[in-house]
Amino acid sequence: MLLKRSLPKIRWKYWVKPWQQVDWLLFCLPIGVSIFGGITILSTELKQPVTDWWWHWLVAGIGTLIALFLARCRYENLIQWHWVTYALTNLSLITVMLAGTSAKGAQRWISIAGFNVQPSEFAKVGLIITLAALLHKRTAATLPNFCRALAFTALPWLLVFTQPDLATSLVFGAIVLGMLYWGNANPGWLILLISPVIAAILFGISWPLAEPLVVFKEIALGPLGLIWAFAMGIVGWQTLPWRRFGISGIGTWILNMLGGELGVFAWNHILKDYQKDRLTVFLRPGHDLLGAGYHQNQSRIAIGAGEIWGWGLFKGPMTQLNFVPEQHTDFIFSAVGEEFGFVGCLLVLFVFCLICFRLLHIAQTAKDNFGSLLAIGVLSMIVFQVIVNVGMTVGLAPVAGIPLPWMSYGRSAMLTNFIALGIVESVANFRQRQKYYL
């Protein structure tokens, strides 16, 4: 008894207090997904002399430490540094264009100490911080503030798009739409924002006719595109302020007509052959199964072969024999489907749903608009990447090169996801004023 009294008390509460408001379920779920991702990567490369699974866990461990550090730092300090963050984001993207490393037809990486770093991944977090800082005082409820937010988004988006990195530029778009919606933007404005892109797709679809209506040389008018442009004219007339003489409606209609024609022009003169092949394969699943459609077709076969319970870990024949290219990165979900079956796929999707619900809960309970917008930006990023990645492995989305968060191999993407997680955990941690913080 005397010995017990003489020993110093372990003040474990003192060490835990700085993180006492952290959402531990949200924190532990990505760590669990990362561990499971490393095991799955090991299965895809079991017969190859590589150690990507080990690197996956190592980077996840580093990311966990970074997230813990960020969780005890006040997220409000980011407001003071958001212009610096914005400048560094654009500067890193410009550096890629000037002195980047090229691979697979794109210049997206910077070589640092023998490692390839992808600045466009970290630019996602930079964009989230910038938009949250812009919208937390001046919401997107007015058209000038809405356009102001878009103007500052345009530069990093354009730098990423010209690398070319179409996949990451799509993620940028999802982040912007989600944060603008949460920032009280008129839903009609958001529809109008993406309407030229949809018009560009619909103008190239000939249905219900045999061919698009060719007016002059390369100017084509798809029937669905014409209907869409007319519908967007009505939306513009109802939501935009310049309603006199129908100026807003006519302007929106013209914008969608131009968007449709620019889509046709981009298809013929701007898009790379591999990008056109991916879209063609998506619209025609049986097209070029040994060429452009090989990745997606093999992925679908592997997932279907898993049936209900799967073949078991390290036992999937297509996974072990490397029938699915890039299976340790973009197509990691196909390995889950083959070796763990339909049940395993549902469990993985259930975990991602829990992560998203916790992110939404933090956004709803944040003490200020800035913290709420940060959480929504991360939520938009995760939701879009999960939907597109899983969709492309089963043929419900075109192959876009978007990794599955915390599961696909990719060091820059892994660190980005954990940095974003740490920032959101800081929002959760400081919902109530704390005594212990950095």
Side-chain angles (χ1 to χ4, degrees), residues 32-60 103-106 108-109 116 118 121 167-168 274 277-278 281-282 285 288-307 309-349 351-352 385-414 417:
V33 173
S34 301
I35 294 172
F36 179 65
I39 295 173
T40 310
I41 291 171
L42 174 61
S43 179
T44 64
E45 300 178 335
L46 193 62
K47 299 180 181 179
Q48 302 178 37
V50 292
T51 56
D52 289 339
W53 61 277
W54 172 249
W55 277 106
H56 184 84
W57 282 345
L58 179 61
V59 176
K104 299 180 180 179
R108 306 173 187 170
W109 297 269
N116 285 336
Q118 189 172 354
E121 287 291 338
T168 304
Y274 75 90
D277 289 339
R278 288 177 177 179
V281 167
F282 170 66
D288 198 11
L289 295 180
L290 297 179
Y294 182 78
H295 291 63
Q296 196 168 68
N297 184 58
Q298 295 297 101
S299 173
R300 294 169 61 189
I301 293 174
I303 293 175
E307 298 183 348
W309 299 103
W311 290 77
L313 183 63
F314 305 142
K315 296 180 180 179
M318 295 194 68
T319 297
Q320 298 306 312
L321 296 175
N322 301 315
F323 275 100
V324 184
E326 307 296 337
Q327 196 170 21
H328 68 299
T329 55
D330 298 340
F331 286 90
I332 191 71
F333 193 75
S334 65
V336 176
E338 184 182 31
E339 298 197 335
F340 299 96
F342 180 70
V343 174
C345 291
L346 284 183
L347 288 175
V348 170
L349 293 177
V351 170
F352 277 114
Q385 291 183 143
V386 171
I387 291 176
V388 174
N389 180 275
V390 174
M392 74 181 188
T393 59
V394 297
L396 295 178
V399 177
I402 294 178
L404 188 61
W406 295 292
M407 276 202 68
S408 296
Y409 177 74
R411 288 170 290 197
S412 297
M414 178 68 79
N417 292 329

Is there a donor-acceptor contact under 3.5 Å from the side chain of [X] to the main chain of [Y]?
X      : Y      : answer
Ser412 : Gln118 : yes
Trp311 : Ala305 : yes
Gln296 : Met392 : yes

From [X] atom [atom1] to [Y] atom [atom2], the distance as rounded to the nearest 0.5 Å:
X      : Y      : atom1 : atom2 : value
Leu321 : Thr319 : CG    : OG1   : 9.0 Å
Glu121 : Met414 : CD    : CE    : 11.5 Å
Glu307 : Glu338 : CD    : CD    : 11.0 Å
Leu46  : Phe314 : CG    : CZ    : 6.0 Å
Phe342 : Trp309 : CZ    : CH2   : 11.0 Å
His56  : Leu42  : NE2   : CG    : 11.5 Å

[X] and [Y]: which non-hydrogen atoms are nearest, and at how many Å?
X      : Y      : answer
Pro405 : Val33  : O-CG1, 4.0 Å
Gly337 : Cys345 : CA-SG, 3.4 Å
Ile402 : Ala167 : CG1-CB, 3.5 Å
Val324 : Gln327 : O-CB, 3.4 Å
Gly401 : Pro403 : O-CD, 3.7 Å
His328 : Asp52  : CD2-OD2, 3.5 Å

Answer whether the closest heavy-atom distance between the side chains of [X] and [Y] falls below 4.5 Å.
X      : Y      : result
Ile301 : Asn297 : yes
Trp57  : Ile39  : yes
Asn389 : Met407 : no

Problem - Parallel, tilted or perpendicular, as decided by the 30° and 60° cut-offs, for the rings of Phe331 and His295 - result: tilted
Handout entry: Within 6.0 angstrom of Phe36 CZ, more than 12 heavy atoms from elsewhere
Key = yes
Exercise for the section: I would like to know whether Ser43 and Gln320 meet side-chain hydrogen bond (donor to acceptor under 3.5 Å, both in side chains); could you show each step before the answer? Expected result: CA-CA 7 Å; Ser43 179; Gln320 298 306 312; 2.9 Å; yes
Exercise for the section: Would you mind telling me which of Asp330, Val388, Thr393, Val386 makes a side chain to side chain contact (heavy atoms under 4.5 Å, CB included) with Leu404? Expected result: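 Between Leu404 and the candidates, side chain to side chain contact (heavy atoms under 4.5 Å, CB included) is satisfied uniquely by Val386.
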